[in-house]
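Structure, as structure tokens:
In what follows, residues are counted from 1 in the order of the sequence shown. Everything numeric in this text was worked out from a predicted model, so none of it was measured. Both ligands and their constituent atoms are indexed starting at 1 by order of listing.
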Amino acid sequence: MITIPYLTALTTYFSYGLLFAFGQFRDFFRKIFDWWHASNLEGYAPICLGLEDFYTRRLYLRIQDCFGRPIASAPDAWFDVVERYSNDNNKTLKRTDKISRCLNLGSYNYLGFAAADEYCTPRVIDSLCRFSASTCSTRVEGGTTTLHKELEECVANFVGKPAAVVFGMGYVTNSAILPVIIGKGGLIISDSLNHNSIVNGARGSGATIRVFQHNTPSHLEKVLREQIADGQPRTHRPWKKIIVVVEGIYSMEGELCKLPEIVAICKKYKAYVYLDEAHSIGAVGKTGRGVCELLGVDTADVDIMMGTFTKSFGSCGGYIAGSKELIQYLKYTCPAHLYATSISPPAAQQIISSIKVILGEDGSSRGAQKLARIRENSNFFRSELQKMGFEVLGDNDSPVMPIMLYNPAKIPAFSRECLKQNVAVVTVAFPATPLLLARARICISASHTKEDLLKALEVITQSASFVPDCISEILNRVQYVRVSKCYLILLMIISFMAGY
Ligand SMILES: Cc1ncc(COP(=O)(O)O)c(C=O)c1O
Ligand SMILES: *[C@@H]1O[C@H](CO)[C@@H](O)[C@H](O)[C@H]1NC(C)=O
């Protein structure tokens with residue numbers, strides 16, 4: 001659990017409150033202004049939802065230069081970020097011809113396969129020539145190539161399950177599979193911080209959804225006991241089945257799943273375990289086989305293993321691995337298998353080749369070196385950040401490390417200041433995180449060198465000291481100020497104005 005300091009919470013709420021108030025104020029005047037212009041959409045309900053639309057216009061648009069920055073190269077350790085300018089206070093951003101070469105701390109390029117690779121790239125080009133960019137067909141029609149078959153065998157073998165099926169998109173893998181394996185009368189128990197693809201898959205399934213406190217096995221057990229005792233709503237009949245859904249590494253927290261404890265509880269209550277390894281497969285474990293390998297869990301105890309190829313493997317798509325029966329059933333019934341175009345052949349080849357490198361089947365030790373490197377880099381970077389006094393979330397060995405920013409003013413300030421010094425960082429805020437818990441998320445790669453990491457640390461410290469201090473820090477410094485209510489409010493307004 002993140003414990004947010006009282007004053008930080010106060011100033012953060014205050015900042016959002018002020019943004020909200022000014023936004024509403026301006027909207028009010030805009031409405032009066034627009035009153036005279038007859039609307040030609042008379043009788044229609046607004047197509048954009050009220051609060052989401054407000055959030056986008058009045059909060060997100062003010063700092064949108066920090067998001068969706070166009071890139072003009074492969075997402076390697078360093079990449080080209082296109083410079084943009086605006087003539088209307090960043091409401092619209094225009095691209096220039098200029099690029100800046102930036103250190104990439106944002107891509108999920110854990111093993112460095114996202115850029116040209118001496119083993120993978122020539123094979124991917126060959127497959128592009130042989131199979132073309134798309135199969136233009138679904139898997140059950142003309143969309144299963146020899147590459148798709150090879151890929152599924154390769155993935156099943158890599159993750160340690162009898163069979164696997166692959167899909168063209170990781171997001172769809174979750175959102176389309178959950179409705180196939182569970183429905184009305186079933187129960188999904190989901191970690192409170194599970195990815196949106198899981199949330200939407202669970203909602204679309206029609207099963208009852210219960211949430212347990214993030215990564216807290218004791219609470220999972222409590223929910224399981226209560227739900228099993230209670231049974232289905234109204235009828236109180238036993239649940240048709242229960243699936244517990246967790247992630248290997250939580251992408252916004254950088255935390256490792258407490259898998260051994262969770263698996264033990266699920267066994268005790270006969271609930272299936274669904275494990276999303278999007279961020280952990282390839283990135284952790286001695287041979288890159290994910291959290292099961294890292295935490296010593298037998299893959300036979302995880303019923304449904306899901307993962308994506310968009311991170312460690314430098315490709316796209318997702319997989320489900322499980323028993324032969326389960327996979328065969330999914331191939332007969334899953335709409336994403338039956339009705340969606342199959343994964344692009346060059347993308348499939350990229351996955352096959354990168355797994356071969358990881359396993360050392362390319363005849364070199366590059367895979368093992370990459371795995372050692374990502375571990376060293378991540379642990380070094382995390383410990384340095386902690387030494388510098390940053391509030392860093394997550395566990396050792398995890399390449400994802402969020403630095404807490406909290407205050408909305410700090411989001412653009414930190415991001416822009418880093419970019420000025422050629423370091424590209426990703427910042428995340430509501431709705432991807434809870435409102436108060438905005439953060440910068442650093443993703444470390446095996447392709448970062450020691451110099452890269454040292455530069456990153458230097459720039460991050462500098463940018464952080466530039467970022468407007470929050471009230472608590474100001475109060476600490478200005479000790480002679482007697483903290484009356486009036487002063488507090490004045491200081492908040494000053495800090496707010498400094499931020500915007
Ligand atoms: C845990 C988790 N599951 C699924 C996905 C979706 O995967 P993709 O980006 O490959 O569609 C992501 C994406 O970041 C993720 O973090
Ligand atoms: C617009 O974005 C730039 C950085 O891209 C920033 O320096 C500037 O302050 C922003 N302007 C406003 C009005 O937010």
If the condition is side-chain contact (heavy atoms from CB on, under 4.5 Å), which residues does Leu93 pass it with, not counting sequence neighbours?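 Listed in chain order: Gln64, Asp65, Arg84, Ser86, Asn90.
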
Is there a donor-acceptor contact under 3.5 Å linking the side chains of [X] and [Y]?
X	Y	answer
Ser353	Gln349	yes
Asn422	Trp78	no
Thr135	Ser342	yes

Protein contact of [atom] - nearest heavy atom, named by residue and atom, plus distance:
atom	result
atom 3 (N) of ligand 1	Asp276 OD2, 2.7 Å
atom 10 (O) of ligand 1	Thr310 OG1, 2.8 Å
atom 5 (C) of ligand 1	His195 CE1, 3.4 Å
atom 14 (O) of ligand 1	Lys311 NZ, 2.9 Å
atom 16 (O) of ligand 1	His279 NE2, 2.9 Å
atom 11 (O) of ligand 1	Tyr171 N, 2.7 Å

Heavy atoms of other groups near Arg375 CZ, more than 12 under 6.0 Å: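 No, not enclosed.
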
Do [X] and [Y] have their ring centres less than 6.0 Å from each other?
X	Y	answer
Phe430	Tyr16	no
Phe309	Tyr319	yes
Phe25	Phe29	yes

With the threshold set at under 4.0 angstrom, would you say Ser197 reaches ligand 1 through any of its heavy atoms?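 Yes.
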
At a 4.0 Å threshold, what atoms of ligand 1 neighbour a non-hydrogen atom of [X]?
X	value
Ser251	16 (O)
Thr308	7 (O), 10 (O)
Ala278	1 (C), 2 (C), 3 (N), 15 (C)
Asn174	3 (N), 4 (C)

One residue to check: Thr173. Relative to ligand 1, which of side chain, backbone, both or neither has a non-hydrogen atom less than 4.0 Å away?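 It is neither part, as no heavy atom is under 4.0 Å.
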
Is the cationic atom of Lys98 (NZ for Lys, CZ for Arg) positioned less than 6.0 Å from the six-membered ring centroid of Tyr85 and within 45 degrees of its normal?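 No.
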
Please round to the nearest 0.5 Å and tell me the distance separating atom CZ of Phe79 and atom CG of Asn104.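 Interatomic distance, Phe79 CZ to Asn104 CG, rounded to 0.5 Å: 3.5 Å.
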
Can you measure from CG (Leu59) to OG (Ser15) and round to the nearest 0.5 angstrom?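 Rounded to the nearest 0.5 Å, the CG-OG separation comes to 10.5 Å.
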
Does this structure show an ion pair linking Glu458 with Lys455, if we count only N-O contacts that are shorter than 4.0 Å?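 Salt bridge: no.
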
Between Met169 and ligand 1, is there a nitrogen or oxygen pair with a distance under 3.5 Å?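 For ligand 1, there is no N or O atom that lies under 3.5 Å from one belonging to Met169.
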
With a 4.0 angstrom cut-off on heavy atoms, strictly below it, pick out the residues next to ligand 2 and order them by chain and number.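 Lining ligand 2: Arg62, Asp65, Asn89, Asn90, Arg416.
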
